Amino acid sequence: MGSEYYGKMWITTCDRLKDIAEQEEATRILGEITDRQKAQAAFASIYIKYVFVVNALGDIYDQTLQVQKRAVVKTILTVATKRMLELQTDLKKIEMSEYMYFDHTLIEQKLIPTEVQLLTPFYYPMERAEHIEDLLNGVRHTDKPKEDPELVNTTQKKTLRQLKEASQSVSPEEQRKLDERKALIKAVDVIISHEKARQSRNLLFNLKVHPKLYVQKPYPEVDTGPRYTFTFKEDQVPLFPVKRTDYGTNFYKVSRHFDENGDLIQTGSGSTEENVKLFSTEVGTATTLDLVGKLLSNISRNEAAAVIQRCYLRFKLKKAIRKIHLQHQHELGMLELTRADHTSEYEQIKATREKRRRRKREFDNAFIRACEDDKARILRLRTPYIMEDISDHIRYWFREMYDAAGEFQAYPPEVSGGSIMIIRGETKTAAEFAEFITKRKKMSPEKIKKELEKEKKDKAAKRKKERNEKRKAKKLLKQQKKEWAKQTNRWTFDDGRFITENALKIDSEFKTYAKEWQFIDELNNLKELAYMDWITETNYADVHQALRLEVDKLMRLEMELLRKALCKDRKIKYKAPKAPRKKSKKKGKKKGKKAIHMKIEKLEKLYDKFVSKNVIIPCPNINMDDFIGDLNYAAYDLRNNELTPSHSLGEVKYLLRQWTFGLGDISVPKVRSICIAGPPGCGKKLMAHGLIRELGAVLFNISPDVVVQFQDKIKKFVDDLTKLSKILAPSVLFINNAHYPFLKKVSPEIEDQQPLLLGKHLPKLKKGIKKNEKVLLIGTSNQPFAAKPGPFKKTFEKVAVCYGPDYSSTVLAWQKVLPPMGVDPEFDYSTLAKMTKYYQMSQILSAPKKVLNLERRAHLQQRPLEPIEILQYLMYGDPPQFPMTEKELAKFVKFNQKFNKFKKKPAPQKKK
């Protein structure tokens with residue numbers, strides 16, 4: 001996956017954007033629609049295409065190394081993401097729910113629901129500043145030694161050089177780990193080589209002193225016993241070859257018998273009695289019973305080895321036949337095999353992408369260097385010519401004004417742009433200035449003052465009129481939005497509701513890209529180098545702008561000299577023009593090294609305090625993909641039959657990923673607070689921790705049992721929490737039992753935790769999180785209906801309710817847990833899923849470990865597992881486990897309907 005692959009991917013994505021623009025333009029013909037299904041189909045068909053475009057653009061932006069192209073991709077990606085989120089909200093309003101079902105559109109476009117899901121954004125986990133990363137990794141600024149290049153020894157230099165060659169642009173933490181790893185490997189190699197040398201010296205000594213015991217006698221060529229290969233182990237010093245047995249040897253083809261000294265007696269087949277006779281004749285008549293016993297034991301060992309190998313080969317053959325049989329059944333559609341996780345391939349792709357991602361820094365630095373070098377070249381070679389061109393143009397303007405009016409027009413102020421206003425044509429022309437001067441000469445000084453005052457009043461009135469027009473436009477928009485919100489059963493496609501600013505902006509951005517890049521062959525730029533022509537062009541503009549300011553200062557002085565000379569010629573007293581007022585700068589403390597040092601010290605002290613009080617805790621190593629949950633495939637049919645379907649666990653997981661989409665580098669609307677509600681054991685904490693791990697955020701645990709220790713200084717704690725969470729961003733404020741701060745009644749069991757302590761501060765804490773800050777408030781609750789609805793709604797913008805696993809999620813869970821324990825692929829998962837209905841995910845995942853112990857797994861081939869065994873354990877185990885009752889489920893359903901922001905009462909339809 002190199003530059004050519006992503007170049008072709010970019011071309012196909014551009015074609016898709018063109019198709020979307022054409023489809024949006026064609027959809028405007030629909031006008032106004034009152035049928036909900038038709039409106040949903042119109043929005044869904046465009047939304048699906050935007051999902052593909054956003055996923056592709058995110059992938060392209062992540063893996064593109066060419067800096068100039070990356071900027072173009074980012075602008076289009078930002079606008080496309082905003083447009084996709086607009087369509088998503090429209091679909092949710094049509095569905096009157098956070099969960100969307102448009103299976104009819106998927107069937108038309110021959111897609112499946114998993115293909116239309118937003119992928120994890122490329123900027124997760126997000127990066128932080130170097131000193132923040134050091135703080136989180138336990139490195140303090142006082143611990144860092146001051147490096148002196150003269151004192152660094154040659155071995156350290158060599159290690160650094162090897163690391164730079166091995167991995168380009170690695171982070172300091174990874175570089176430190178690589179250094180430690182290499183030093184450890186080197187030390188282990190030295191120990192191993194010394195140990196093997198010692199063993200070889202001992203062996204040599206024993207061969208010299210005790211040759212009969214240690215010198216091995218060679219076997220005759222007739223021997224066809226087990227063969228051996230001699231190899232060297234990887235990553236070890238090759239002093240001694242390792243002896244490895246060739247397991248392809250057939251032990252029972254030729255019988256071999258040896259005497260007590262290890263000499264071969266007989267080769268070939270024969271009975272045990274004949275072997276004994278041969279042995280007795282070979283050794284002599286003085287054979288004893290001990291020698292016969294040794295011989296019989298050798299023979300029994302060989303026969304045992306033959307039996308073992310015979311059984312092993314039969315087992316291997318049966319296993320291969322069984323595998324072929326299952327594969328045939330799977331190809332015929334008679335059996336659904338559970339696919340093994342291709343972790344090695346996935347890790348390889350992930351490593352390749354990460355390696356390419358790291359090279360972006362290298363390309364960025366090279367681009368900055370190229371810009372600086374080119375700018376320095378322009379300043380060195382072209383500065384006098386540019387200054388001369390600017391000054392010539394301004395002098396020509398002086399001459400033009402003087403020839404037309406006999407006076408000089410006022411020099412444009414620096415605040416308005418200086419002499420650039422002359423090029424733009426924002427100053428008066430020679431004819432206008434001459435007319436103005438002639439009028440002014442005829443007017444008295446009083447009239448001139450009145451005219452100036454009138455001009456000021458006209459300008460102020462014009463500004464006031466523009467402000468009033470803007471306010472009126474805003475009011476009209478608000479009124480339109482209110483009217484649109486009332487129209488529950490009407491959807492229009494020919495006004496600003498459908499074709500929004502973002503839709504128009506995508507078209508304009510794409511047109512500018514097509515215009516600027518039309519003569520560039522991107523596929524031939526395999527090394528993804530920067531285009532120097534554009535760099536030179538932008539640098540010329542920057543240099544021209546910087547030098548124009550300097551030329552303006554000189555030309556203002558020149559104009560003053562010309563005016564003085566003109567007044568001297570006309571024998572008029574010269575009046576210097578008033579200097580423009582400069583904005584007063586606010587005085588502030590100078591930030592030097594000491595101020596930054598103190599700031600870091602305070603930050604470290606506060607961080608250590610929160611760690612010691614268990615406010616900042618390490619996040620468990622859980623990924624969002626570890627959460628098992630499938631989609632509800634029957635929801636669309638239920639919705640068409642005017643029934644409200646219950647969402648599944650897979651849809652909740654997908655929804656949580658949607659809500660965290662605005663926390664990254666792309667400026668899109670973001671959610672500030674989330675609550676995950678559901679019965680105990682449904683996977684609320686697992687989803688929250690998986691989300692935190694995916695974001696790469698710092699975990700602040702502000703649960704009531706932790707915040708109790710700050711009850712005396714709760715305001716200070718909240719202030720420190722907001723400051724530290726914003727400094728260490730991305731960060732997540734996690735509340736377990738999120739209903740505790742808003743309880744209607746506090747039970748005596750939890751009075752010690754003082755659950756209402758944070759109740760007043762949480763809404764303010766959520767308001768303090770700004771749009772551009774990467775901070776998120778996440779809560780989990782198993783009794784959300786026990787909280788006061790008002791403050792709970794103020795604190796949490798979004799609420800995701802988990803009802804528990806449905807049929808498809810239960811089947812998926814059993815299929816993931818049972819096969820690794822040796823359960824037959826033909827096991828009846830469907831029956832087991834129906835039997836374990838309403839059981840929570842934690843109960844499902846823990847049951848097989850108890851049922852399939854070591855003894856039961858040993859008898860799985862003779863006695864396959866039955867679904868009733870797992871059900872018996874769940875019902876009659878110690879302690880017995882029961883599913884969620886319908887009353888408990890009804891409470892969560894009612895709570896979800898109450899907190900559904902998209903739920904509206906449909907307007908009554910008029911009778912025909």
Side-chain angles (χ1 to χ4, degrees), residues 16 19-54 83-118 480-500 502-503 630-648 650-652 654-655 658 803 806 808 893 896-897 900-912:
R16 278 183 175 175
D19 294 341
I20 290 169
E22 290 173 2
Q23 187 175 352
E24 283 182 339
E25 194 63 34
T27 310
R28 297 183 70 174
I29 301 167
L30 295 173
E32 189 175 304
I33 295 176
T34 55
D35 189 0
R36 189 179 294 273
Q37 288 186 0
K38 286 182 180 178
Q40 188 196 37
F43 279 108
S45 60
I46 301 170
Y47 170 74
I48 288 167
K49 291 182 179 180
Y50 267 111
V51 169
F52 280 108
V53 166
V54 169
R83 177 61 178 154
M84 182 199 67
L85 293 174
E86 285 175 356
L87 292 169
Q88 194 182 89
T89 52
D90 289 334
L91 278 169
K92 286 178 179 179
K93 285 176 183 177
I94 292 169
E95 292 276 351
M96 292 190 294
S97 173
E98 287 280 0
Y99 306 96
M100 302 174 292
Y101 306 104
F102 35 80
D103 294 4
H104 60 292
T105 312
L106 295 174
I107 292 165
E108 284 177 4
Q109 298 188 13
K110 297 179 181 179
L111 298 169
I112 57 175
T114 52
E115 290 178 349
V116 195
Q117 291 184 356
L118 284 168
Q480 278 183 353
K481 285 179 180 179
K482 285 180 181 178
E483 289 175 2
W484 293 343
K486 288 177 183 178
Q487 293 175 3
T488 53
N489 292 332
R490 288 181 183 178
W491 297 273
T492 54
F493 294 89
D494 55 352
D495 59 359
R497 275 182 284 180
F498 182 67
I499 304 296
T500 58
N502 292 317
D630 203 359
L631 304 175
N632 187 359
Y633 299 104
Y636 177 73
D637 296 329
L638 291 170
R639 182 65 58 85
N640 286 342
N641 294 327
E642 297 182 355
L643 297 171
T644 54
S646 60
H647 51 270
S648 62
E651 288 158 3
V652 174
Y654 177 53
L655 187 67
Q658 283 180 12
Y803 299 140
D806 56 352
S808 58
V893 171
N896 187 31
Q897 290 175 353
N900 185 8
K901 294 182 179 179
F902 293 100
K903 188 73 176 175
K904 294 177 185 177
K905 292 181 180 179
Q909 295 181 357
K910 294 181 181 180
K911 293 182 180 180
K912 293 181 180 180

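Worth saying up front: this structure is predicted, and the values here are computed from it rather than measured.
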- side chain to side chain contact (heavy atoms under 4.5 Å, CB included) between Gln88 and Gln658: does it pass, once the steps are laid out? CA-CA 10 Å; Gln88 194 182 89; Gln658 283 180 12; 3.3 Å; yes

Which atom of [X] lies closest to which atom of [Y], heavy atoms considered:
| X | Y | answer |
| --- | --- | --- |
| Gln23 | Ser45 | NE2-OG, 3.1 Å |
| Met84 | Val54 | SD-CG2, 3.9 Å |
| Asp806 | Leu631 | OD2-O, 4.4 Å |
| Ala41 | Thr105 | CA-OG1, 4.0 Å |

- Item | Beyond-backbone contact of Glu115 with Gln109, side-chain heavy atoms, under 4.5 angstrom | no

- Would a 4.5 Å heavy-atom cut-off, applied to side chains only, mark Asn896 and Tyr803 as touching? yes

Atom pair [atom1] ([X]) and [atom2] ([Y]), whose distance is rounded to the nearest 0.5 Å:
| X | Y | atom1 | atom2 | result |
| --- | --- | --- | --- | --- |
| Gln117 | Glu651 | CD | CD | 9.0 Å |
| His104 | Asp637 | NE2 | CG | 12.0 Å |
| Thr114 | Asp630 | OG1 | CG | 9.0 Å |
| Ser97 | Leu655 | OG | CG | 8.5 Å |
| Tyr101 | Leu106 | OH | CG | 13.0 Å |
| Met100 | Tyr654 | CE | OH | 5.5 Å |

- Item | Worked check of side chain to side chain contact (heavy atoms under 4.5 Å, CB included) between Tyr636 and Ile107 | CA-CA 12 Å; Tyr636 177 73; Ile107 292 165; over 6 Å; no

- Task: Determine, step by step, whether Tyr99 and Asn632 satisfy the side chain to side chain donor-acceptor pair (under 3.5 Å) criterion, reporting the C-alpha distance in whole Å, the side-chain angles of both residues, the deciding distance to 0.1 Å, and the verdict.
- Result: CA-CA 10 Å; Tyr99 306 96; Asn632 187 359; over 6 Å; no

- Message: Could you go through Glu95 and Lys92, starting from their C-alpha distance and side-chain angles, then the distance that decides it, and tell me whether this counts as salt bridge (charged side-chain N to carboxylate O under 4.0 Å, His left out)?
- Response: CA-CA 5 Å; Glu95 292 276 351; Lys92 286 178 179 179; over 6 Å; no

